[in-house]
2 protein chains.
Amino acid sequence: MRPMKHPLPTDIVLERVLYALSDPVRLDIVRRLDHLGEASCTALDCGRPKSTMSHHFRVLRDAGLIRTENDGATHINSLRRAEMDQLFPGLLTAILQAGRDGEGGSR
Amino acid sequence: MRPMKHPLPTDIVLERVLYALSDPVRLDIVRRLDHLGEASCTALDCGRPKSTMSHHFRVLRDAGLIRTENDGATHINSLRRAEMDQLFPGLLTAILQAGRDGEGGSR
DNA sequence: TCCATAGTTCGATATTTATCGAAATTACGC
DNA sequence: GCGTAATTTCGATAAATATCGAACTATGGA
């Protein structure tokens, strides 16, 4: 299986990154990848059809947020944390941190 | 003129903020508001029709990113920096900072 | 080889959104 | 009150996008 296409750091643009993260499903994927380190596509679907998930993974991949490598029949996804941190310092941290407090913290 | 509607901090949601910032025109508006402090709508259009600009301001306002107050016939826009920083610490800073170096810096 | 598994690609459809012109709204100064 | 300036609202149109089922591709066995 030929490896998937990933944009070079040079081709990663902020607007696309923000757009990719503006969808609840994708933001959730990214949050969980951050938590898990890496995961297969199936491990991250939430009852949604595969085609839908595949679409979201593609948007994230094309934006430069995640890397998808194939390990046999399954695809392993992980955050491109290093590239992101270098290109947009603090961005991912701020986004992943957001909501972890305040938005329903106490009680 | 009745004041415009602005979401309460409670109603500001990350996804919408990211979405609002994923458009080049709007990102530019926010960048310049950050630089200028405040500005009228006309001061920020870039040759684009007013109706188009009005739309973008609305998206930014509805997302909670900017505040629009009326000073007579003109509307004064400014970033809701304090609210943003409180809700999503580091987010705006990271986004406004992004690209100020690296993405074509030296040469 | 045949099958089950993991994902992608293709098509179709329904929403959302960007863009812009024209008309409506509001405020100000004369 | 009137004309002008600043914006919003309306309506239409075109382009993106989300979602899902069905078909297709690749992999690793029994």
Side-chain angles (χ1 to χ4, degrees), chain A residues 1-7 13-30 32-33 36 38-79, chain B residues 1-7 13-33 36 38-78:
Chain A
M1 196 187 266
R2 63 183 185 287
M4 321 229 61
K5 269 199 83 170
H6 295 81
V13 9
L14 180 60
E15 285 91 327
R16 271 289 122 182
V17 171
L18 297 178
Y19 177 76
L21 292 171
S22 73
D23 180 279
V25 178
R26 293 192 292 261
L27 186 55
D28 188 53
I29 291 176
V30 168
R32 280 194 290 166
L33 277 181
L36 298 172
E38 56 177 42
S40 69
C41 299
T42 317
L44 295 176
D45 73 7
C46 288
R48 275 168 264 268
K50 325 174 207 219
S51 53
T52 298
M53 291 309 284
S54 189
H55 163 69
H56 287 305
F57 279 113
R58 184 135 136 71
V59 173
L60 288 169
R61 198 184 314 123
D62 288 351
L65 271 158
I66 67 172
R67 180 186 4 261
T68 306
E69 288 154 314
N70 18 27
D71 172 30
T74 81
H75 290 185
I76 305 294
N77 302 285
S78 55
L79 285 183
Chain B
M1 196 187 264
R2 64 181 183 289
M4 320 229 61
K5 270 201 84 171
H6 295 80
V13 9
L14 180 60
E15 285 91 326
R16 270 288 123 184
V17 171
L18 296 178
Y19 176 76
L21 292 171
S22 73
D23 181 279
V25 178
R26 292 193 290 262
L27 186 54
D28 189 54
I29 290 176
V30 168
R31 274 200 227 277
R32 281 194 289 165
L33 277 181
L36 298 172
E38 55 176 41
S40 69
C41 300
T42 317
L44 295 177
D45 72 8
C46 289
R48 275 170 266 267
K50 315 148 185 267
S51 53
T52 298
M53 291 309 284
S54 188
H55 162 69
H56 288 304
F57 279 114
R58 185 135 135 71
V59 173
L60 288 170
R61 197 184 315 123
D62 288 352
L65 272 158
I66 67 173
R67 180 185 5 259
T68 306
E69 288 155 314
N70 19 27
D71 173 29
T74 82
H75 289 185
I76 305 294
N77 302 285
S78 55

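Computed from a prediction, not measured in an experiment: that's the story for all the values here. Per chain, numbering begins at 1; letters A, B, ... match sequence-line order.
- Rounding to the nearest 0.5 Å places NE2 of B:H75 at 10.0 Å from OG1 of B:T42.
- In this structure a side-chain-to-backbone donor-acceptor pair under 3.5 Å is missing from A:R26 to A:V59.
- Within a heavy-atom distance below 4.0 Å of DNA chain C, the residues of residues 17-26 of chain B found are B:Y19, B:R26.
- Atom CG of B:L21 is separated from atom CZ of B:R31 by 9.5 Å, given to the nearest 0.5 angstrom.
- The distance from atom NE2 of A:H56 to atom P of D:dA18 is 6 Å, rounded to the nearest whole Å.
- Computed from coordinates, the B:N70 CG to C:dC28 P distance equals 10 Å when rounded to whole Å.
- Nearest-nucleotide assignment on DNA chain D puts the 5′-proximal partner with B:F57, out of A:D71 and B:F57.
- Within 6.0 Å of CZ in A:R58 there are 12 or fewer heavy atoms belonging to other residues, nucleotides or ligands.
- A:I29 CD1 to A:C41 SG: the interatomic distance, rounded to the nearest 0.5 Å, is 8.5 Å.
- Taking 4.0 angstrom as the limit, B:H75 places none of its side-chain polar atoms (N or O) nearer than this to OP1 or OP2 of D:dA6.
- Rounded to whole Å, atom P of D:dA6 lies 17 Å from atom CD of B:E38.
- Between B:M4 and A:V59, the one whose closest nucleotide on DNA chain D sits nearer the 5' end is B:M4.
- At distances below 3.5 Å, at least one donor-acceptor pair connects side-chain atoms of B:S22 with backbone N or O atoms of B:Y19.
- The two residues B:T68 and B:H6 make their nearest non-hydrogen contact at N-NE2, 2.7 Å.
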Atom pairs under 3.5 Å, N or O on each side, protein against nucleotides 1-5 of chain C: can you list them with distances?
none

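- Spacing between atom CZ of B:R61 and atom P of D:dT7 amounts to 11 Å, rounded to whole angstrom units.
- Here the closest heavy-atom approach between residue B:D28 and residue B:C46 is recorded as OD2-SG, 4.2 Å.
- Checking the phosphate oxygens (OP1, OP2) of C:dT16, no side-chain nitrogen or oxygen of B:R16 falls inside 4.0 Å.
- Distance, A:H55 NE2 to D:dA16 P: 14 Å, rounded to whole Å.
- Separation of atoms CG (A:L44) and CD (A:E38) is listed at 11.0 Å; rounding is to 0.5 Å.
- An OP1 or OP2 oxygen of D:dT7 is reached within less than 4.0 angstrom by no side-chain nitrogen or oxygen of B:S54.
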Sort me out a list of protein N/O and nucleotides 22-24 of chain C N/O pairs below 3.5 Å, or just none if empty.
none

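- Side-chain atoms of A:R58 lie closest to C:dT9 of the nucleotides C:dT9, C:dG21, D:dG21.
- Expressed to the nearest 0.5 Å, how far CG of A:L60 lies from NE2 of A:H55 amounts to 9.5 Å.
- The distance from atom NZ of A:K5 to atom C1' of C:dT9 is 17 Å, rounded to the nearest whole Å.
- Of the possible polar contacts, one joining the A:N77 side chain to the A:A39 backbone as a donor-acceptor pair under 3.5 Å is found.
- Within 4.0 Å (heavy atoms only), B:T74 reaches sugar-phosphate atoms of the nucleic acid but no base atom.
- A distance of 9.0 Å separates CG in A:D62 from CE in A:M4, rounded to the nearest 0.5 Å.
- Atom CD of A:E15 and atom C1' of C:dA18 are 15 Å apart (whole Å).
- The distance between atom CG of B:D45 and atom P of D:dT7, rounded to the nearest whole Å, is 9 Å.
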